[in-house]
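The structure appears below as structure tokens.
Just so it is clear: chains get the letters A, B, ... in the order the sequence lines come, proteins before strands, and each one is counted from 1.
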Amino acid sequence: MNREDRSEERPLGPSFGCPVGRADHAQILLGHGGGGLLTHRLLEQVFRPAFTNPLLDARHDGAVLTVGSERLAFTTDSYVVRPLFFPGGDIGTLAVNGTINDLTMCGARPLFLSVAFILEEGLPIEILYRVVASMRQAAQSAGVQIVTGDTKVVDRGKGDGLYINTAGVGLIMHGLTIAPTAIRPGDAVLLSGDIGRHGMAIMAVREGLEFETTIISDCAAVAEPVQELLTAGIEVHCLRDLTRGGLATALVEIAEAARLHIHLEETAIPIQEEVRGACEILGLDPLYVANEGRFVCFVPLAQKEAALDILRQYPVATDAHQIGEVREGTEGLVTIKGTLGTSRVLDMLSGEQLPRIC
Amino acid sequence: MKFVDEYRDADAARRWAERLARLTTRPWTLMEVCGGQTHAILKFGIDELLPKEINLIHGPGCPVCVTPIELIDRAIAIAARPEVIFCSFGDMLRVPGSRCDLLSVKASGGDVRMVYSPLDALRLARDNPDRQVVFFAVGFETTAPATALAVHQAAQQGVANFSLLVSHVLVPPAMETILASPENRVQGFLAAGHVCAVMGYREYEPIARRYRIPIVVTGFEPLDILQGIYLCVRQLEEGRAEVENQYTRVVGLDGNRYAQAIFREVFHVAPRHWRGMGEIPQSGLALNERYAAFDAERRFPRDEERGQELPECIAGLILQGVRKPYDCPIFGTVCTPDHPCGAPMVSSEGACAAYYRYRRLSCEGARAPSPG
């Protein structure tokens with residue numbers, strides 16, 4: 001037996017061991033931030049072993065804490081986007097809406113946010129003003145307050161102009177457990193609207209791609225319709241916003257955590273014509289393209305119509321549809337019935353989605 | 001979406017499948033040459049609509065898959081040089097060389113950029129006169145004209161800091177290699193529609209005659225592929241071996257003469273090494289002598305190391321259609337899209353990646369005992 005084999009036999013024990021040598025890559029690749037399999041592996045191999053505790057191990061969009069008699073949701077997210085301004089939003093609206101949505105996905109009413117800026121030396125103050133104005137407007141329209149913050153400046157060339165971190169706290173005002181493990185066979189999978197717009201809007205600007213009409217990001221806060229579902233007594237089993245990695249990656253994560261089979265109907269998934277066209281040209285699959293104002297919601301089949309009626313009253317969810325169902329069967333599997341009536345397996349995004357050659 | 005949805009109509013697909021079932025009287029093995037077709041077949045589940053007698057095997061038409069590992073190692077070595085901006089199409093960035101891929105070079109500080117066209121790389125060269133801009137020229141007859149145009153413009157405009165690492169390959173010699181093999185099982189070809197859009201399809205006629213095999217120029221949408229299969233099987237059932245054109249809305253007999261002219265101005269036909277298939281005579285393109293100054297292989301010193309393939313990987317047999325991805329002992333276990341060991345697992349056009357993404361479950365049942 002060689003030395004390598006022996007070292008693998010040694011129990012890891014409760015202490016945190018350096019994962020270098022066990023991880024697949026010796027250095028961080030951009031794909032580690034892509035929200036797909038590499039990100040997932042980073043969480044499982046580096047962060048979770050280091051910080052393990054029951055709240056973190058629930059692997060939700062945020063932590064659900066009990067403080068006295070209240071249940072709170074707590075979450076954080078960092079925003080690095082190029083370009084800083086894009087059709088439908090900017091880094092400021094993303095930073096506020098993203099954290100509001102993460103709190104919302106825990107079933108909480110978002111209340112307070114913190115904001116930390118990392119600014120690059122030389123950034124025009126006018127740009128900062130514009131971003132801050134967007135943040136103010138996004139926070140106001142969602143009824144949250146930005147109550148604390150921080151600012152750091154890095155040398156010119158050491159940042160992309162502006163990075164933002166936001167953290168948020170929200171109040172949970174119901175007794176439901178909203179988590180992947182709460183989904184049940186027979187649940188309906190509802191999607192709040194068309195997919196792929198944010199990712200393609202960013203890519204179009206970044207790569208200088210021009211289409212007949214501009215693709216507008218779906219960036220939006222989704223707190224209102226979700227709060228209304230909960231207030232109306234819909235028995236929501238799981239909520240997940242679709243960010244990096246897109247619809248497919250989110251559903252694979254849920255199916256794996258729930259150890260159930262999720263089956264989708266491709267023809268029920270709304271995708272804007274321009275987004276489909278851009279994806280066709282670039283050889284990308286819209287099921288894996290990023291969104292910033294879309295979520296999936298798992299509810300009992302019997303409450304499907306009531307839930308859709310509520311969602312469709314809100315501008316951010318007018319195009320809500322049932323796109324699939326939860327089934328018994330192969331654990332952690334997501335399948336999709338395509339346009340020709342045949343089915344295929346959906347996987348997590350592996351690394352970054354790269355355009356095909358031809 | 002106009003010009004797409006019409007070719008994905010479920011009722012029409014069912015009707016073609018029914019016509020095909022009525023036509024088919026015995027087993028036939030067809031090969032779709034192009035990786036784009038393989039991707040569509042598995043994504044849309046077209047193979048599930050076919051009668052049991054029809055076996056589709058997946059050809060070597062994925063440019064990412066057939067680029068030899070030595071050349072990828074060469075690309076990695078050039079990309080790591082501090083004076084170089086290395087430009088590549090997106091899916092080439094993840095192809096494993098002997099030790100790492102181009103994305104890892106980027107993470108280590110190499111200036112590796114994804115471009116959509118060789119003309120974007122040429123623009124980068126003009127904008128960065130103090131840097132060496134190298135374009136990784138990969139692909140079949142489809143991408144070669146754009147590469148040729150970029151070199152032609154670079155020469156005209158005197159852009160001396162631009163060069164190409166050429167790995168262009170040609171389809172017909174690979175088809176002949178497959179047909180000439182004693183292990184060949186292919187009885188009919190779906191030829192790659194986009195290659196024929198550039199080259200036309202006259203050059204397939206001698207192949208059809210020599211090997212008595214039907215060749216149907218076929219498009220990439222589900223109805224194109226179903227119709228291509230139908231035409232191919234009809235020839236087989238009737239005992240014909242001809243070149244037919246299913247993809248008439250795009251392909252003409254003589255192809256795109258302007259593209260061919262620029263292509264011949266810049267390149268000549270040369271032997272090429274294909275990953276998994278070895279050296280095939282007259283199967284690649286090399287720069288003509290008057291453009292030799294743009295050859296990155298000459299511009300940058302050669303690294304002496306030889307590429308190493310993983311011994312378990314059966315990519316070569318898969319690319320020739322002799323084996324299916326699930327016959328490979330490391331498919332889906334050691335070798336996955338996230339950790340590709342062989343090239344067909346890298347590109348979404350590669351047969352192994354397409355099987356992994358769309359067919360993993362059915363493959364688990366179909367897996368044959370590993371050889372040896």
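Only the side chain of B:V4 has a heavy atom closer than 4.5 Å to any heavy atom of chain A. With a 4.5 angstrom heavy-atom cutoff, B:D9 touches chain A only via backbone atoms. When heavy atoms are compared at a cutoff of 4.5 Å, B:S108 approaches chain A by way of both its backbone and its side chain. Of the atoms belonging to A:S343, it is backbone heavy atoms, and not side-chain ones, that fall under 4.5 Å from chain B.
One finds the CD1 atom of A:I28 at 11.5 Å from the OG atom of B:S104 (value rounded to the nearest 0.5 Å). Separating the NZ atom in B:K43 from the CD atom in A:E266 is a distance of 6.0 Å, to the nearest 0.5 Å. Rounding to the nearest 0.5 Å places CZ of B:R94 at 10.5 Å from CG of A:L29.
Partner of B:P222 under the side-chain contact (heavy atoms from CB on, under 4.5 Å) criterion, chosen from A:T342, A:L340, A:T339: A:L340.
For A:R259, the CZ atom counts as loosely surrounded, since its 6.0 Å shell holds 12 or fewer non-hydrogen atoms of other residues, nucleotides or ligands.
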